[in-house]
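Naming convention: chains lettered A, B, ... in sequence-line order (proteins, then strands); numbering from 1 in each chain. The basis for the numbers below is simple: all heavy atoms, side chains too, and nothing from hydrogens, waters or symmetry mates.
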There are 2 protein chains.
Amino acid sequence: MSYKNFPMVPRVIFGRGSFNQLSEILAPKRLNINAPFIFLVDDVFKANSWLTSRIPLSYDDKIIYVSAAEEPKTSQVDSLVENIILNTKERPSGIIGIGGGTLLDLAKAVAIMLTNEGEAKDYQGWDLVKNEAVYHVGIPTISGTGAEVSRTTVLTGPDRKLGINSDYTPFDQVILDSELTKKVPTEQWFYTGMDCYIHCIESLEGTYLNTFSQSYGEMALELCKEVFLDEEGLKQSDSEEKLMMASWHGGMSIVYSQVGIAHAMSYGLSYLLGTKHGIGNCIVFDQLEEFYPEGVKLFKQMKEKHGIELPKGICSELSEADLNKMIDIAFDLAPLWENALGKNWQKIMTRDKLKELYLKM
Amino acid sequence: MSYKNFPMVPRVIFGRGSFNQLSEILAPKRLNINAPFIFLVDDVFKANSWLTSRIPLSYDDKIIYVSAAEEPKTSQVDSLVENIILNTKERPSGIIGIGGGTLLDLAKAVAIMLTNEGEAKDYQGWDLVKNEAVYHVGIPTISGTGAEVSRTTVLTGPDRKLGINSDYTPFDQVILDSELTKKVPTEQWFYTGMDCYIHCIESLEGTYLNTFSQSYGEMALELCKEVFLDEEGLKQSDSEEKLMMASWHGGMSIVYSQVGIAHAMSYGLSYLLGTKHGIGNCIVFDQLEEFYPEGVKLFKQMKEKHGIELPKGICSELSEADLNKMIDIAFDLAPLWENALGKNWQKIMTRDKLKELYLKM
């Protein structure tokens, strides 16, 4: 048996207001005055001077605002990289992602593609990246995805939705300032937080589980319960901090295990319908009582507590061909199914069964 | 307010038998055939071929067996470094520490002192290290100290017991193979495990606590309870894995907080009496009911469950001058006292009070 030698984020700073230390963190990483820092920032912050005025810009440093309305694409990475190469005198000193999972994944992918030839789609898979990425920093402004700590960057390519999994993918630096999450709208807060919750359930209920993943998963699950079932009347700032830590630990939990059915099926939704990852997970998980009975029960409680209404009938208009493509995409993620259902997963989850589940959504 | 930008161990491998992957981990790190890997190994393994036969030696690689009977000293680091410089053709490719906290701290310190001038004692303190250390790997064979994950290496110097705290101190790679801990004698297993337990209590009850430290501390504490109060009849291997993860998380918990009274007082015992850190913490903590009532109560339960008898009267023969020196050493660690008792700690913990506590031990 061979174990993964997992790369961890080598630097982390935690605390409300720690975003103010960005300038001192970046200064020693500047290669020269022609090698700028490029800030990829979620465009919801475009008119938010509370945040943008604190982004330290010197020399040729630039902010690029990016919409997170859609899941990140390989083509989007390629055009960001082209734009950066055309508009900078030298290879950037660093790429700083400020936003949710979409922005964090884009920042990781752009940092990789600045030092690796070809197109982003060529690197979807495991350990295909040859060269070390440009220095890259992740600053989450919404909690749950675990993108700040993971070894992947999940992208929708022409053929599939799949991560660039590599030792060069993780951020060189993460800033965990929960104050940046204070204005997240309730629905998005819920969907993204549930990404973490579902990571935990899928990891803890999976056949790949070991003590490492279990300890992180249990910790993250506990924190999710505190935040989303909040019986104790948490202070808003405490709730934000706890969810930020839940996301971090939840991400660590899947390092040594794997996600499961909700993620596999949600990838299918994203690919065919463009459904965002967080809400997609929720829509799927809501139907998985048979596989994760306890987890789904608690999920429904949390949904109710926060008055969340999930869209219905999203697959009802799909053609047979589209449904089949969606099933192909989901089944392509064999490790997720094996983690959830064991080696004989194909006997448990047939195409018909999967189709039936999709049609319930 | 400024937050610490904490360096984390950038690579970790977890799993029983993962020690077998040491060779493939080290191979790409060899600088050239004249730059050997030096393995610092606890001398309890000297005749243990189960372990030693799996240490991969090529070219001029060397094993140096080191006794962990005493706490590590700055002078010991200096003589190890001198020995290595005299007996290698080039600066080593890496230092690999295999053992408990003593061996891990020695490995970290030796790696630092191979690239920094002067003596180890010159670097006791915070951020005094100028140059990046030699590549260094930590492989714990006993769980609890958190040395595998910490940013310090605690050494007894001519003037004080104090760590070399620096961004260059953490290991570049850690191997968490709980199988290596299977032969630890019960008493040592208990004392070292309690180091972790006490970290958790001191961190969780401290005034420096924040959400980051709290989440790691609670997870580690939960694991310690599972291991040491074991109501569920854990399998031996599960118990070993859980304690290894507890040590890891407990170490992470004090990153952003601090230890407390037991550690401050135990440093005094070590300095004056040479008491090993683990047992020293236990002897002190056993008397701290007034400050950590719940924690000490549980500690006594665990002690009883495992039939541990602590030595008594260890300070009774000390001269007044020695007692005063011990108190000086303990009081020198102001942040630990402040964490435990708040800004006005000196009003709560007087010299007389401290002396009285020492004399109870």
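- Note on residues 243-254 of chain B: no pairs pass salt bridge (charged side-chain N to carboxylate O under 4.0 Å, His left out), not counting sequence neighbours.
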For chain B against chain A, give me the donor-acceptor pairs closer than 3.5 Å, one per line with atom names and distance.
from: S2(A); atom 1: OG; to: Q21(B); atom 2: NE2; distance (Å): 3.3
from: Y3(A); atom 1: N; to: Q21(B); atom 2: OE1; distance (Å): 2.8
from: Y3(A); atom 1: O; to: Q21(B); atom 2: NE2; distance (Å): 2.8
from: Y3(A); atom 1: OH; to: R16(B); atom 2: N; distance (Å): 3.3
from: Y3(A); atom 1: OH; to: R16(B); atom 2: O; distance (Å): 2.5
from: N5(A); atom 1: O; to: R11(B); atom 2: NH1; distance (Å): 3.0
from: N5(A); atom 1: OD1; to: Q173(B); atom 2: NE2; distance (Å): 2.8
from: N5(A); atom 1: ND2; to: Q173(B); atom 2: OE1; distance (Å): 2.9
from: F6(A); atom 1: N; to: V12(B); atom 2: O; distance (Å): 2.7
from: F6(A); atom 1: O; to: V12(B); atom 2: N; distance (Å): 2.9
from: M8(A); atom 1: N; to: P10(B); atom 2: O; distance (Å): 2.7
from: P10(A); atom 1: O; to: M8(B); atom 2: N; distance (Å): 2.7
from: R11(A); atom 1: NH1; to: N5(B); atom 2: O; distance (Å): 3.0
from: R11(A); atom 1: NH1; to: D167(B); atom 2: OD2; distance (Å): 3.2
from: R11(A); atom 1: NH2; to: D167(B); atom 2: OD2; distance (Å): 2.8
from: V12(A); atom 1: N; to: F6(B); atom 2: O; distance (Å): 2.9
from: V12(A); atom 1: O; to: F6(B); atom 2: N; distance (Å): 2.7
from: F14(A); atom 1: N; to: Y256(B); atom 2: OH; distance (Å): 3.0
from: R16(A); atom 1: N; to: Y3(B); atom 2: OH; distance (Å): 3.3
from: R16(A); atom 1: O; to: Y3(B); atom 2: OH; distance (Å): 2.5
from: Q21(A); atom 1: OE1; to: Y3(B); atom 2: N; distance (Å): 2.8
from: Q21(A); atom 1: NE2; to: S2(B); atom 2: OG; distance (Å): 3.4
from: Q21(A); atom 1: NE2; to: Y3(B); atom 2: O; distance (Å): 2.8
from: D167(A); atom 1: OD2; to: R11(B); atom 2: NH1; distance (Å): 3.2
from: D167(A); atom 1: OD2; to: R11(B); atom 2: NH2; distance (Å): 2.9
from: Q173(A); atom 1: OE1; to: N5(B); atom 2: ND2; distance (Å): 2.9
from: Q173(A); atom 1: NE2; to: N5(B); atom 2: OD1; distance (Å): 2.8
from: T211(A); atom 1: OG1; to: E241(B); atom 2: OE1; distance (Å): 2.5
from: S215(A); atom 1: OG; to: H249(B); atom 2: NE2; distance (Å): 2.8
from: Y216(A); atom 1: OH; to: W248(B); atom 2: NE1; distance (Å): 3.0
from: E241(A); atom 1: OE1; to: T211(B); atom 2: OG1; distance (Å): 2.5
from: W248(A); atom 1: NE1; to: Y216(B); atom 2: OH; distance (Å): 3.0
from: H249(A); atom 1: NE2; to: S215(B); atom 2: OG; distance (Å): 2.8
from: Y256(A); atom 1: OH; to: F14(B); atom 2: N; distance (Å): 3.0

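- Of the two parts of I25(B), only the side chain, counted from C-beta on, holds a non-hydrogen atom closer than 4.5 Å to a non-hydrogen atom of chain A.
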